[in-house]
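Some notes on the structure that comes next.
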Amino acid sequence: QVQLVESGGGLVQAGGSLRLSCAASGRTVGYYHMGWFRQAPGTEREFVAAISYSGVNTDYADSVKGRFTISRDNAKNTLYLRMNSLVLEDTAVYYCAAKNRWTQVTTAFRYNYWGQGTQVTVSS
């Protein structure tokens, strides 16, 4: 069992940057592959990025490639999402999630554990 708590969201102007963090407690996060998802009002939760437990493998949604970077520090039990060149369409609640296997990492319902989310709002 692992508990996840996101932080770092907020209001930022278009073109700006934010870094989200996801702190894990309970079982060490190093056992899990991790992902970031986001959900805007009236839309389904969508995949943003994923990282394998070792950090060697990563995957990104096309919409964020080249702008977002996922990373992790297993010693600190923390997952990160660095977001640069933010655009209005990045506005959403961002969730971190954990799963046991490096398969179907872009599929939300394949993740076993979820945080409560942190709001990111990009203004013009």
Side-chain angles (χ1 to χ4, degrees):
Q1 194 89 4
V2 61
Q3 293 78 43
L4 304 172
V5 178
E6 302 93 338
S7 62
L11 176 65
V12 62
Q13 285 192 323
S17 298
L18 279 176
R19 189 180 78 160
L20 304 183
S21 299
C22 173
S25 60
R27 198 178 189 196
T28 177
V29 74
Y31 285 105
Y32 298 97
H33 308 294
M34 305 290 293
W36 286 99
F37 287 76
R38 65 187 182 187
Q39 188 167 19
T43 69
E44 293 187 354
R45 194 165 297 189
E46 68 168 348
F47 169 75
V48 174
I51 188 167
S52 60
Y53 75 93
S54 65
V56 171
N57 297 307
T58 58
D59 194 6
Y60 293 92
D62 288 343
S63 60
V64 307
K65 277 180 183 176
R67 300 189 299 121
F68 290 12
T69 302
I70 189 171
S71 62
R72 65 193 298 162
D73 186 337
N74 288 342
K76 294 183 179 179
N77 255 7
T78 304
L79 173 74
Y80 303 100
L81 184 69
R82 177 66 180 181
M83 306 186 294
N84 295 329
S85 303
L86 285 161
V87 300
L88 298 180
E89 293 74 22
D90 294 322
T91 295
V93 177
Y94 283 71
Y95 299 89
C96 67
K99 71 190 310 291
N100 295 309
R101 300 180 66 183
W102 186 250
T103 56
Q104 297 181 287
V105 297
T106 65
T107 304
F109 75 83
R110 293 298 185 184
Y111 283 74
N112 305 97
Y113 305 102
W114 290 87
Q116 293 301 306
T118 185
Q119 176 70 47
V120 172
T121 303
V122 182
S123 65
S124 58

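The structure displayed is predicted, hence computed values, not measured ones. For reference, positions follow the sequence shown, starting with 1.
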Any heavy-atom pair between the side chains of [Y] and [X] that's under 4.5 Å?
X   : Y    : result
V87 : R67  : yes
Y60 : I70  : yes
Q39 : E46  : no
L88 : S124 : yes
L81 : F68  : yes
R38 : D90  : yes

(request) List in chain and number order the residues that pass ring-ring contact (aromatic ring centres under 6.0 Å, His included) with F37, two or more places apart in sequence or in another chain; answer none if no residue qualifies. (result)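 For F37 the ring-ring contact (aromatic ring centres under 6.0 Å, His included) partners, ignoring immediate neighbours, are F47, Y111, W114.
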
(request) Using the test side chain to side chain donor-acceptor pair (under 3.5 Å), find all partners of Q116 that sit at least two apart in sequence or belong to another chain. (result)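 Partners of Q116 by the side chain to side chain donor-acceptor pair (under 3.5 Å) criterion come out as none, since no residue qualifies.
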
Common cluster, [X]/[Y], ILVMFWY with side-chain heavy-atom separation under 4.5 Å:
X   : Y   : value
L18 : Y94 : yes
V12 : W36 : yes
V48 : L86 : yes

(request) For the residue pair T78 and D73, confirm or rule out a side-chain donor-acceptor distance under 3.5 Å. (result)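 No.
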
For a quick test of reading the model, state the closest non-hydrogen atom pair linking [X] to [Y] and the distance between them.
X    : Y    : result
C96  : L79  : CB-CD2, 3.9 Å
A40  : A92  : N-CB, 3.9 Å
G8   : T118 : N-OG1, 4.3 Å
L4   : A98  : CD1-N, 4.0 Å
S52  : H33  : CA-ND1, 3.3 Å
G117 : E6   : N-OE1, 2.8 Å

Measuring from atom [atom1] of [X] to atom [atom2] of [Y], what distance do you get when rounded to the nearest 0.5 angstrom?
X    : Y    : atom1 : atom2 : answer
L11  : S123 : CG    : OG    : 4.5 Å
K99  : M34  : NZ    : CE    : 12.0 Å
Q1   : Y113 : CD    : OH    : 4.5 Å
S7   : R19  : OG    : CZ    : 9.0 Å
N112 : R101 : CG    : CZ    : 11.0 Å

Under 3.5 Å, is there a donor-acceptor pair between the side chain of [X] and the main chain of [Y]?
X   : Y    : result
R82 : L20  : no
S54 : V56  : yes
T91 : T121 : no

(request) Could you point out which residue of T58, D59, I51 forms a side-chain contact (heavy atoms from CB on, under 4.5 Å) with V105? (result)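 Among T58, D59, I51, the one that satisfies the side-chain contact (heavy atoms from CB on, under 4.5 Å) with V105 is D59.
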
(message) side chain to side chain contact (heavy atoms under 4.5 Å, CB included), that's the test. Do M83 and V120 meet it? Break it down for me.
(response) CA-CA 10 Å; M83 306 186 294; V120 172; 3.9 Å; yes

(request) Count the heavy atoms of every other residue, nucleotide or ligand shown that sit under 6.0 Å from OH of Y53, and state whether that count exceeds 12. (result) no

